[in-house]
Amino acid sequence: MLRFALLNILTRPLRSFLALVGVAVAIAGVVGLVSVSSGLKSTMVDTLDKVEGLVMIEANSVDPIFSTLPLSYAARVERIPGVAACVPELWRVAPNVEGQKTLMGLFSAIVVLGLDPERHTRLSAGHVYSRSMRRGRNIEPRDAGQRRVVISERIAQKYRKDVGASIRVGELDYEVVGVYQTGSLFLDGTLVMHLETAWSFAGNNSRDVVTSFYVEPVAQSPEEMARVEKAVEAEFAQETRKVDCLSTAEWQSEFGKLLGHLDVFLIVVSSIAVIVGAIGILNTMLMSVTERVPEFGILKANGWSRGDVTRLILAESTYLGIAGGLLGCGVGVLGVQIAARFMPFQPATPLPLVATAFGVGALLGIVGGVYPARQAAKLSPVDAIRAD
Amino acid sequence: MILRATDLKKTYTIGGRPVEALRGVSLELADRSFTFVVGPSGSGKSTLMHLAGALDRPTSGTIEVAGKDLTALTDDQLSEFRREKLGFVFQAFNLIGNLDAVENVLVPFYAKGLAPGMRAKAKELLGRVGLAERLDHRPKQLSGGEQQRVAIARALLKDPALLLADEPTGELDSKTGAEIFALVRSLHRERGASVVVVTHDTRFIEPGDRVVRIEDGKLVENS
Ligand SMILES: Nc1ncnc2c1ncn2[C@@H]1O[C@H](COP(=O)(O)OP(=O)(O)OP(=O)(O)O)[C@@H](O)[C@H]1O
Ligand SMILES: [Mg+2]
């Protein structure tokens, strides 16, 4: 019977192929999307593992870029017991580098970080950027107000700049004094400069506001982090400018929420793809069943039961689904491999995903086959014979 | 008794109007009998064959074939009964286009699985009906007469209790038709299956055959 089912599919190559392509496209799309999203997730987790302290931003501002806080908050935070250091940071988006726009894509965006090297030396582990120096030197107190920057290896390669070269950010040229590499997609899009320099870059004349603070607790335990976090938030609870203090864990859960939305999106897109694939199979099988009415008459007259006919049609549609699933997986994985060359991060195609796609293909086949199979099974043999 | 029908009625409804295809047919056919069903077009011959062949259920009355009351069986039991006990040869379109001659002979058993030796037996039967050289040919590659032979071989694979043939020569020229009848006749003698044939061609009737004439849904002659 399975051989017979296969034969029935193979004798209608064009139509079978169309149904198969429908399923394959759906599954390839799902494989591609899920690969990209899981690659993105592991990239974010990588990033967050590199940042160990707490980040203090203006309440409800989501990201340091949208936050503004008075510089004077630093001293108040440092007085809180359990806080080792509180370092101001000024984050700005660099609209263009070397005359090229940087906001073209999520991953090519370049941001400017202004920091205070004197205060940074108080951090026990050092800042993520100072820990990741490759060549040249860190930003130092003597760079205050000087147009000097530390750039990432990625930026260095992209703009063919190295230590000693000058790089144009916005309207002005800056001297590259060092190159770092954290290995994180998000962190490596940062130009580091002295806070004083960054203020002028941002066009801030008032030198008493920053975007955020990096807060290092004395002890690194999660309980201590949570306690310090609460204490910091409580410190400014009465102010008009309240703060949010986020730990790595919280960033992760914030990102988790974001990725949750991404997952919902993926589920919606996948569901649509799956429905489209199922409809393709449904359509193909319905047409096939309609054409083969006399054939079912013959089969039934010769002793095939309703169940037998149902199983035949389901076997055919399942074959279509599985073939489409395999093709879709192949195309999807291949597509992801190719796309990976043009992406700044590695998409991940986990094996279970391939297995799932395969299973979904088979499921699509079965789902798409149920209605046509019922139609074929309920034909009365006499009507089928008289249909000649 | 291979077949016993009592007051068999079959009414179709087309567009709300009832069409009485059979209006009370009572009939008994002996084991190993060879029966011709004749009558004008639309008289109900095919309807009777379908009821005898467990392909359809009567509106009223009872029908017993090979000792089984068909009205008491479930759909699945009817399917099994057809598979195990009955052979069919219709006027045309007896075969599955995708399958070759051997596979067409075997197809009744595809769903439940072939018993060992069936394939060899199918080939032997195709040889018996004169198609030894055509085993792997598809229906398209066979003439009308050859297709009917495949259908006959298929019916014989199971040693049927009853072979039902509805105008098996209707689409064939008279020489080929005669060959098919000769084949059915010799198999009837050898195998001892009961045969019921609907035909307009009365020249094949031999002494000792039953002849049943139907007109307007009723038996008018029963000899
Ligand atoms: N499925 C059906 N629906 C409605 N009416 C039907 C159906 N099948 C048969 N009939 C009617 O029942 C009557 C008997 O039909 P049947 O096919 O049994 O005749 P027949 O003797 O085999 O004719 P022929 O020699 O032309 O094959 C006809 O009037 C036919 O129109
Ligand atoms: Mg007829």
Side-chain angles (χ1 to χ4, degrees), chain A residues 1-17 284-285 287-320 369 373-388, chain B residues 10 12 21 46-51 53-57 73-100 103-114 138-140 147 150-151 154-155 157-158 160 164 166-167 170-171:
Chain A
M1 168 130 122
L2 294 180
R3 224 179 62 81
F4 183 31
L6 198 60
L7 200 67
N8 286 333
I9 290 173
L10 295 179
T11 45
R12 293 172 181 76
L14 181 66
R15 185 174 314 152
S16 301
F17 182 71
T284 296
M285 293 311 298
M287 273 169 40
S288 163
V289 163
T290 313
E291 280 178 6
R292 287 154 67 195
V293 166
E295 179 176 323
F296 300 124
I298 296 164
L299 292 175
K300 286 192 156 177
N302 281 285
W304 281 47
S305 65
R306 276 165 159 260
D308 296 333
V309 173
T310 305
R311 277 188 286 277
L312 176 70
I313 302 299
L314 284 180
E316 291 178 16
S317 65
T318 306
Y319 275 135
L320 283 179
R374 284 181 56 111
Q375 294 300 104
K378 80 177 189 195
L379 282 171
S380 107
V382 173
D383 290 345
I385 290 160
R386 287 196 196 262
D388 300 347
Chain B
K10 180 71 189 179
Y12 295 104
S46 294
T47 304
L48 179 61
M49 295 296 268
H50 294 154
L51 294 180
L55 293 170
D56 208 352
R57 293 173 184 277
L73 300 183
T74 65
D75 282 357
D76 278 356
Q77 287 169 329
L78 289 179
S79 294
E80 187 186 341
F81 183 75
R82 291 197 292 268
R83 187 171 63 246
E84 304 294 339
K85 297 282 187 223
L86 301 180
F88 287 96
V89 182
F90 302 107
Q91 183 167 353
F93 304 111
N94 280 292
L95 306 183
I96 309 282
N98 275 343
L99 300 179
D100 67 22
E103 293 165 332
N104 262 293
V105 171
L106 293 170
V107 79
F109 298 93
Y110 270 6
K112 302 292 181 227
L114 298 184
R138 300 273 168 102
K140 263 190 203 148
Q147 291 184 25
V150 175
R154 176 166 68 203
L157 184 68
K158 61 188 96 172
L164 297 162
D166 194 345
E167 302 190 43
E171 304 243 317

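In the text below, chain A, chain B and the rest are named by the order of the sequence lines, each starting its count at 1.
Within 6.0 Å of atom NZ in B:K10, more than 12 heavy atoms from other residues, nucleotides or ligands are found, so the atom counts as buried in its surroundings.
Only the side chain of A:I298 comes within contact range of chain B, with at least one heavy atom under 4.5 Å from a heavy atom of that chain. Interface residue B:K158: only side-chain heavy atoms are found under 4.5 Å from chain A. For chain A, the nearby part of B:E103 is the side chain; its heavy atoms alone come within less than 4.5 Å. Neither the backbone nor the side chain of B:L78 comes within contact range of chain A; no heavy atom of the residue lies under 4.5 Å from a heavy atom of that chain. For A:R3, the part lying near chain B is the side chain, with the backbone staying farther off; criterion is any non-hydrogen pair under 4.5 Å. Heavy atoms of B:N94 lying under 4.5 Å from chain A belong exclusively to its backbone.
Between B:L55 and A:P381, the shortest heavy-atom contact is O-CG, 3.4 Å. For the pair B:A111 and A:D308, the tightest heavy-atom approach, listed with the atom from each and the gap, is CB-CG, 3.3 Å.
Taking B:D166 as the reference, B:S46 meet the side-chain hydrogen bond (donor to acceptor under 3.5 Å, both in side chains) condition, with sequence neighbours excluded. With sequence neighbours left out, B:Q77 forms a side-chain hydrogen bond (donor to acceptor under 3.5 Å, both in side chains) with B:T74.
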| task | Could you give me the CA-CA distance, side-chain angles and deciding distance for A:S380 and B:R57, then say whether side chain to side chain contact (heavy atoms under 4.5 Å, CB included) is met? | result | CA-CA 11 Å; A:S380 107; B:R57 293 173 184 277; over 6 Å; no
Note to self: Go through it in stages, so that I can follow the logic: the residues are A:R12 and B:N98, the test is side chain to side chain contact (heavy atoms under 4.5 Å, CB included), and I'd like the CA-CA distance, side-chain angles, deciding distance and then a yes or no.
What the structure shows: CA-CA 10 Å; A:R12 293 172 181 76; B:N98 275 343; 4.0 Å; yes
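Checking side-chain atoms of A:W304 against main-chain N and O of B:Y110 turns up no donor-acceptor pair under 3.5 Å.
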